[in-house]
Amino acid sequence: MSTSKDDESIARSMAAAPPTNHVCDQLIGPFYDTTGLTLWWGVSRQVVDTAVAPPPQQQTEQPAETKQSNKPVTVYISQEVYTQARLAFNATRTAETDRNWSHFVEKAVAGEIRRRAELHNCGEDFEGVDSPLSPGRPLSDH
């Protein structure tokens, strides 16, 4: 029985690039790194990078009256929570596509809002009058 050149090529490329043996295998399962995939697919890294690069976005200037402005806020949190938040942000900012620290904090607050809406408001947005909160930090931790 003879094998075709295509069959041999496919077998060679798959054998040359088995999934990596990485610590993350236990967390998410086996995966291929860039080198393995380029060998398996028979493409250069430039082709892979170009193929997955997001298309450039056109910057369009919004009229000044419709530009969204973010509300600056000051919060007081424990040093432990602050430290863990910074460590988490720095360790995952690329994977989570955080634009910056404010984006990370905004996503965390939005997640807590969703959690509370599900738990206390049948998953609906909260309604009512958005009145100012008491200014300043609490006088005690209780």
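Side chains are part of it too, since the values below use all heavy atoms of this structure and drop only hydrogens, waters and symmetry mates. Start at 1 with the first residue, then count along the sequence. This is a predicted model, so every value here is computed, not measured.
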Determine whether [X] and [Y] make a side-chain contact, defined as any pair of heavy atoms from C-beta on separated by less than 4.5 Å.
X	Y	result
Arg86	Trp101	yes
Glu124	Asn121	yes
Arg116	Phe126	yes

State the [atom1]-[atom2] distance between [X] and [Y], to the nearest 0.5 angstrom.
X	Y	atom1	atom2	value
Phe104	Thr97	CZ	OG1	12.5 Å
His103	Asn70	NE2	CG	10.0 Å
Tyr82	Leu87	OH	CG	10.5 Å
Arg114	Asp125	CZ	CG	11.0 Å

Side-chain donor/acceptor of Ser78 to backbone N/O of Val81, under 3.5 Å: yes
Test item: Lys107 side-chain N/O and Ser102 main-chain N/O as donor-acceptor pair under 3.5 Å: no
Lys/Arg-Asp/Glu bridge criterion (N-O < 4.0 Å) met for Arg115, Glu112: yes
Crowding at CG, Asp130 (>12 non-hydrogen neighbours, <6.0 Å):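 Check fails, neighbour count at 12 or below.
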Shared hydrophobic cluster, Val73 / Val105 (ILVMFWY, side-chain heavy atoms < 4.5 Å):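 The answer is no; the residues belong to distinct hydrophobic clusters.
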Val109-Val75 co-clustered via ILVMFWY side chain contacts under 4.5 Å: yes
